[in-house]
Amino acid sequence: DSGVTQTPKHLITATGQRVTLRCSPRSGDLSVYWYQQSLDQGLQFLIQYYNGEERAKGNILERFSAQQFPDLHSELNLSSLELGDSALYFCASSTRGTGAEQFFGPGTRLTVL
Amino acid sequence: AQKVTQAQTEISVVEKEDVTLDCVYETRDTTYYLFWYKQPPSGELVFLIRRNSFDEQNEISGRYSWNFQKSTSSFNFTITASQVVDSAVYFCALIPFDSWGKLQFGAGTQVVVTP
């Protein structure tokens, strides 16, 4: 158990819908990262927050957004969902913002029908 | 830009055999960190090791060992006396030393250990 929690574990929804994935980092970790894992793209970095501020952006679609709240939990919002958005979404956290080992949550499996 | 290559897609071994996973990386940065993660069938990503580019000492942790060779840009991982519980996908990853953001992951190597 990494100490990172993600909810929900599974999510099934329809095209065009909007969903919110939630992540609570390990106690004391200020940095939160979001990754998407799909069969064709592998593990892709989406975005990083550090102590409430966005610090790095990867291959995140404009339909996706994220934020980190004062209590350090984070949410990833996915809107206008498409079939291709079906994937495993991981949240990770680390103590430092740069170069640190990232500890991953169990993931949220999103299925878009 | 960084790139991590794990050329082996799948390796199948019989229990108690040793297995070595290759990882080759490309980066223009002179200082960086390298990582290995394990993804068992249950799906979570488990951190195994972080190695910084200053330190080329090999590391051993139980049945796991890592061989870092800066000259060949490789960071290989060996599981000695494999067990069924070692069956998983293993990912190698890289991040520049002082960089915000992403771990650059390789494509992963599936290890299948049969009894």
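Not measured: the values here are computed from a predicted model. Chain letters run A, B, ... following the sequence lines, proteins first and then strands; every chain starts at 1.
By the side-chain contact (heavy atoms from CB on, under 4.5 Å) test, A:Asp71 pairs with A:Phe69, A:His73, sequence neighbours left out.
Proximity to chain B is limited to the side chain of A:Tyr50, based on heavy atoms less than 4.5 angstrom apart.
Interatomic distance, OG1 of B:Thr5 versus CD of B:Glu26, reported as 6.0 Å (0.5 Å rounding). A distance of 12.5 Å separates CD in A:Glu101 from CZ in B:Arg51, rounded to the nearest 0.5 Å. In this structure, B:Gln104 CD and B:Lys3 NZ are separated by 10.0 Å, a value rounded to the nearest 0.5 Å. The CH2 atom of A:Trp34 sits 5.0 Å away from the CD atom of A:Gln6 when rounded to the nearest 0.5 Å.
Residues B:Thr78 and B:Asn76 fail the side-chain proximity criterion, which asks for heavy atoms closer than 4.5 Å. The shortest distance between side-chain heavy atoms of A:Phe45 and B:Leu103 does not fall below 4.5 Å. A:Ser31 places a side-chain heavy atom less than 4.5 Å from the side chain of A:Gln48.
A centroid separation of 6.0 Å or more is found between the aromatic rings of B:Tyr37 and B:Phe91.
For residues 74-94 of chain A, the interface with chain B (any heavy-atom pair closer than 4.5 Å) comprises A:Leu88, A:Phe90, sorted by residue number. Near-neighbour residues of residues 37-44 of chain A relative to chain B, defined by a heavy atom under 4.5 Å from a heavy atom of that chain, comprise A:Gln37, A:Leu43.
Grouping Ile, Leu, Val, Met, Phe, Trp and Tyr residues whose side-chain heavy atoms lie under 4.5 Å apart, directly or via other members, places B:Leu34 in a hydrophobic cluster with B:Val4, B:Ile11, B:Val13, B:Val19, B:Leu21, B:Tyr25, B:Tyr32, B:Trp36, B:Leu48, B:Ile49, B:Tyr64, B:Trp66, B:Phe68, B:Phe75, B:Phe77, B:Ile79, B:Tyr90, B:Leu94, B:Val111, B:Val113.
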